[in-house]
Amino acid sequence: MKLPGQEEFEVSSACENVPTGELDNGTGSGPSPDSPSDTDRGEVGVPKDPLLFIQLNELLGWPQALEWRETGRWVLFEEKLEVGAGRWSVPHVPTLALPSLQKLRSLLAEGLVLLDCPAQSFLELVEQVTRVDSLSPELRGQLQALLLQRPQHLIQPTGTRPCQGSAHPREASHSEEAPLKEQRQNPLRRKLPPGSEAGAVLAGELGFLVQPLGAFVRLRDPVVLGPLTEVPLPSRFFCLLLGPSTLGKGYHEIGRAMAILLSDPQFQWSVRRASNLHDLLAALDAFLEEVTVLPPGRWDPTARIAPPKCLPSQHKRILSQLKEVQGPSAQHGAPAEDRYGHQPQLHSPELQRTGRLFGGLIQDVRRKASWYPSDFLDALHPQCFSAVLYIYLATVTNAITFGGLLGEATSGAQGVLESFLGTAVAGAAFCLMAGQPLTILSSTGPVLVFERLLFSFSRDYNLDYLPFRLWVGIWVATFCLALVATEASVLVRYFTRFTEEGFCALISLIFIYDAVGKMLSLTSAYPIQRPGYPAYGCFCQYPDLGGNESQWMRTEPKDRDDISSLDLGLVNASLLPPPECARRGGRPRGPSCHAVPDIAFFSLLLFLTSFLLAMALKHVKTSRFFPSGVRKVLGDFSSVLAMLLGCGLDSFLGLATPKLTVPSEFKPTLPGRGWLVSPFGTNPWWLSVAAALPALLLSILIFMDQQITAVILNRAEYKLRKGAGFHLDLFCVAALMVLTSALGLPWYVSATVISLAHMDSLRRESRACALGEPRSFLGIREQRLTGLVVFILTGTSIFLAPVLKFIPMPVLYGIFLYMGVAAISSIQFTKRVQLLFMPAKQQPDLLLLRHVPLSRVHLFTAIQLACLGLLWIIKSTPAAIIFPLMLLGLVGVRKALERVFSPQELLWLDELMPEKERSIPEKGLEPEYSLSGDSEDVSPRWALSGEAGRGGESAFVQESSLKSNLSIKPEDLINTVIPLRSSLTQVH
């Protein structure tokens, strides 16, 4: 929960949009909270250079009135001038004809190439490029005058959408100062990050030229060339492509070819560092070798290819070129970890053993201490307000739900008040001390099952439940402390996607099942009334003077429409409404006298409305409707808006739907007990020792529940900058076990679904898009304040009962359903289940299916389904006592799968276990492959509301579990590629 967003480190550049960071930092006053830091950006293939804005000015009007007109512009993708419509086209992937690239190469090879040109003005630059022997002084003067003409730009008026062009553009004026003024007012300027540079390409046909004239200039110092470009940026590149008249769009296409080359990050990087013509041609040849040819007659050349959700990896391109120029010997001679993209250490430093007692805990504390001030300062953002409202209502609902269930399971020994108090105390303490404060502590289904079993055992053997539970909690804390001391948390490396998906699917299904079950249970409290049923309506009974209430009669109503006058066969009964019956001295009788027939159906309507509206508003963020700011607000506040609408609808109709109830008094649920639990009560002393046995099972459950959730939350696709704290989190849970046991409060552990929803509500995305750039996922707003405020509000909810009582329970059940559906729909397992019901021809082109046979994919999915079904059955039966062992058994099942599937199949279907990471078969696996490199792949994108994997959507950006970190620096790779290609060019 696609936690999407969405972004992998090996292929993290696959989802990076620009080599210099986000495009919304228009002020230039330093990094903003939304600006990607060095750790935010996963682009490792191409070093960071200024963003380049490229503009194509075309010479039109020959031979009558020559003028320069802007006809195209590029940042990431191409925008064409639609002359008839008077606007810019939507950004699209540019396409080229091969002859235009070949002609461009010839022009560059035979033309003028100036690298590090010292020109400081456009006039000096024009004088430099026209200083060629093929031009006579007269022609040189004409050409200079022509080049100095001010071009006409198509500038978007203020207030238009930043990325889609304007429906009412206007041309720049030809007066002396107006062009520069309109340049400064161009909205596109605000969408480009500070330090951006420009590149100008001038192309066209001139009748007085006898032979083509080509010039390529790289300025030593970027200079603003007056009104040459529509945005007043300092220009780094200038290219002039002129020639005699030709048939077709010869020079227009050659100019587009040059602009497209400059918009390519790798070509641009090479040209910035080229030292001579051979380097320039080598970079062009490298581009040509990667060109994909579309056969004529098989596609429409006028069709515009939409920008991809995820851009290809520049790192991958560099590696392929390096292998190509160095030959096969380079690949075979490289060490295995370089060839396959592995380093000796694949896991984060939090999961490395120190070999000392509590060594991992000490490292976690030192690591998190440096971030502690920023954990509060980073929360000063409006998005955190939305997250607080959303998670607060989810936490309150969860506390009430589990508090009620706990009260039923323990016969009132614990209840809703203990659930509220425990959630507030444990949650706030955890947010202040934990290593991963984004985690939301809550009662969970598996722990509730264990509590029920423990109470049943105490009741059957006449034990005092709360003292016995206190010793179980103390032993659990002791076992967890031993796990922290021995750094057992490093074992989470064995929790692969197979284990995580099984656990996440189980918890998500519990949310869905409970939400639907609670909704359907309202039909018992508010039964659906059907005409003709014995229980339909109620009758009003009048005692006669003789006290006889059972004399039967048979009469017909005077009017078939007058149902209130219908005689039921009793002398003294009628169908008057209860208020009218009481006014006339009768007594309402029947099972439905106080039931409102509309409640059940209206509750269902609220339930579905809140669920569907939350889903719809979440997807508005990635839709084409409304400005980007409005879409972001609707997406961030989707759950809150859905709940407000449900509450408003309920209040407008005024029906007596079940409302949220919170305790109004601060006292224990069990009468006669204090807040501190007696250590022994009526239990024998030896029971404190015997409690170690159930505590051992609960310790396994706590460890698995806590650490699986921690692994999911700390996955690399979330781009967390402040690191994890597996040991510190487990230590905090152990300390809180003692506190909650001593106070008789519920036990708490990380709640997977609510924690994922919390992270989803704190997703950071780039706020601007330029020329087709999708919103890029920047990471999570890591801080402690949202969780802390949520739990403080939960504790004060006892005093907010007059306000909270207006929230209908069906609305909260709908939000629960939304969280469960969003979580389960974001994992790869769900998408593989969908493949079971798709014919092969209708299946999406998933990267997974390109490397693993479909039958093997189905087999792996079937095994996961069987494990999930077994976990559900065990959870729902008296055998639930072994549920912790079954969770641990998932790791064993995954280990056994190594005998059924090959390492490469497991690499695509799941992840490799630590001892198998170095034994990947060499055949058929390339370092650029990833588990989620395709925008269509089905890698796990936890949380993020089913949006992950869509780049700007969603949710969360994609990330491979197998991180590819090469030991060779990217600069070294490129510096190797370019000289080799230059040498080959000179030889040819």
**Prompt:** With the threshold set at 4.0 Å, does a side-chain nitrogen-carboxylate oxygen contact exist between Glu487 and Arg356?
**Reply:** no
**Tyr513/Trp872 aromatic ring centres below 6.0 Å** = yes
**Request:** Keeping the roles fixed (side chain from Ser508, backbone from Ala823), state whether a donor-acceptor pair exists under 3.5 Å.
**Result:** no
**Reported CG-to-CE distance for the pair Leu745 and Met737, which is rounded to 0.5 angstrom** = 12.0 Å
**Message:** Counting only heavy atoms not in Phe385 (residues, nucleotides, ligands), do more than 12 fall under 6.0 Å from its CZ?
**Reply:** no
**Complete:** CZ of Phe860 to CG of Leu909, rounded to nearest 0.5 Å, is 5.5 Å
**Message:** Do Trp371 and Ser374 make a side-chain contact, defined as non-hydrogen atoms from C-beta onward lying under 4.5 Å apart?
**Reply:** yes
**Request:** Take Val711 and Phe726 through the side-chain contact (heavy atoms from CB on, under 4.5 Å) test and state the conclusion after the steps.
**Result:** CA-CA 8 Å; Val711 169; Phe726 295 98; 3.9 Å; yes
**Asked** Should the heavy atoms of other residues, nucleotides or ligands under 6.0 Å from CZ of Phe430 be counted, would the total exceed 12?
**Response** yes
**Fill in**
Scanning both residues in full, the closest heavy-atom pair of Ala369 with Pro373 reads O-CD, 4.0 Å
**Message:** Could you tell me if the side chain of Phe498 sits less than 4.5 Å from the side chain of Val893, heavy atoms only?
**Reply:** yes
**Prompt:** Going by heavy atoms in the side chains, are Ile391 and Thr786 under 4.5 Å from each other?
**Reply:** no
**Request:** Take Leu846 and Trp908 through the test side-chain contact (heavy atoms from CB on, under 4.5 Å) and record every step on the way to the result.
**Result:** CA-CA 11 Å; Leu846 303 176; Trp908 290 99; over 6 Å; no
**Item:** Straight-line distance of Arg366 CZ to Asp364 CG, nearest 0.5 Å
**Value:** 11.5 Å
**Item:** Leu432 backbone acceptor or donor facing Tyr372 side chain under 3.5 Å
**Value:** yes
**Request:** I would like to know whether Arg832 and Gln864 meet side chain to side chain donor-acceptor pair (under 3.5 Å); could you show each step before the answer?
**Result:** CA-CA 10 Å; Arg832 283 190 278 104; Gln864 277 190 296; 2.6 Å; yes
**Prompt:** When rounded to the nearest 0.5 angstrom, what distance separates CD in Glu905 from CG in Leu848?
**Reply:** 10.5 Å
**Prompt:** Between Leu890 and Leu871, is a side-chain contact (heavy atoms from CB on, under 4.5 Å) present by the stated rule, with each step listed?
**Reply:** CA-CA 10 Å; Leu890 287 177; Leu871 286 175; 3.9 Å; yes
**Message:** Determine whether a donor-acceptor pair (N or O, by modelled atom type, separation under 3.5 Å) exists between the side chain of Asp910 and the backbone of Leu906.
**Reply:** no
**Asked** Looking only at heavy atoms, which two atoms of Leu868 and Phe829 are closest? And how far apart?
**Response** CD2-CE2, 4.0 Å
**Prompt:** Hey, is the main chain of Leu438 close enough, under 3.5 Å, to the side chain of His758 for a donor-acceptor pair?
**Reply:** yes
**Message:** Please check: side-chain N/O of Arg353 versus main-chain N/O of Thr486, any donor-acceptor pairing under 3.5 Å?
**Reply:** yes
**Asked** Any idea which heavy atoms bring Ala505 and Ile827 closest together, and the distance?
**Response** CB-CD1, 4.2 Å
**Asked** Is a salt bridge present between Asp378 and Arg781, judged by a nitrogen-to-oxygen distance below 4.0 Å?
**Response** no
**Message:** For Gln783 versus Ala379, what's the shortest heavy-atom pair and its separation?
**Reply:** OE1-CB, 3.6 Å
**Item:** NZ-OG distance between Lys722 and Ser370, expressed to the nearest 0.5 angstrom
**Value:** 9.5 Å
**Derivation and outcome, side-chain contact (heavy atoms from CB on, under 4.5 Å), residues Trp747 and Leu736** = CA-CA 8 Å; Trp747 290 320; Leu736 292 173; over 6 Å; no
**Request:** Applying side chain to side chain donor-acceptor pair (under 3.5 Å), run through Gln363 and Thr354 and close with a yes or a no.
**Result:** CA-CA 9 Å; Gln363 283 192 350; Thr354 64; 5.6 Å; no
**Asked** Hey, what do you get for CD (Gln828) to CZ (Arg497), rounding to the nearest 0.5 Å?
**Response** 4.5 Å
**Request:** List the steps and the verdict of side chain to side chain donor-acceptor pair (under 3.5 Å) for Tyr748 and Thr423.
**Result:** CA-CA 8 Å; Tyr748 293 96; Thr423 300; 3.3 Å; yes
**Stepwise side chain to side chain donor-acceptor pair (under 3.5 Å) test for Thr709 and Thr752** = CA-CA 5 Å; Thr709 303; Thr752 308; 2.8 Å; yes
**Request:** Before accepting this row, confirm whether a basic side-chain N of the pair Lys368/Asp375 lies closer than 4.0 Å to the acidic partner's carboxylate O.
**Result:** no
**Check: Arg784 side chain, Pro437 main-chain N or O, donor-acceptor pair, under 3.5 Å** = no
**Message:** Contact between Ile702 and Cys480 at the side-chain level, heavy atoms closer than 4.5 Å - yes or no?
**Reply:** yes
**Message:** Can you classify the ring geometry of Phe495 versus Phe703 as parallel (below 30°), tilted (30 to 60°) or perpendicular (above 60°)?
**Reply:** perpendicular
**Side chains of Leu481 and Phe358 in contact at under 4.5 Å (non-hydrogen atoms)** = yes
**Message:** Please find the pair of heavy atoms, one from Leu728 and one from Ala434, that lie closest to each other, and give the distance.
**Reply:** CD2-C, 3.8 Å
**Asked** Below 4.5 Å, heavy atoms only, C-beta onward: do Asp760 and Lys618 meet side chain to side chain?
**Response** yes
**Asked** What is the minimum heavy-atom distance between Arg894 and Glu898, and which atoms define it?
**Response** NH1-CG, 3.5 Å
**Prompt:** Are any of the side-chain heavy atoms of Ser755 and Leu713 separated by less than 4.5 Å?
**Reply:** yes
**Asked** Are any non-hydrogen side-chain atoms of Cys504 and Glu501 less than 4.5 angstrom apart?
**Response** no
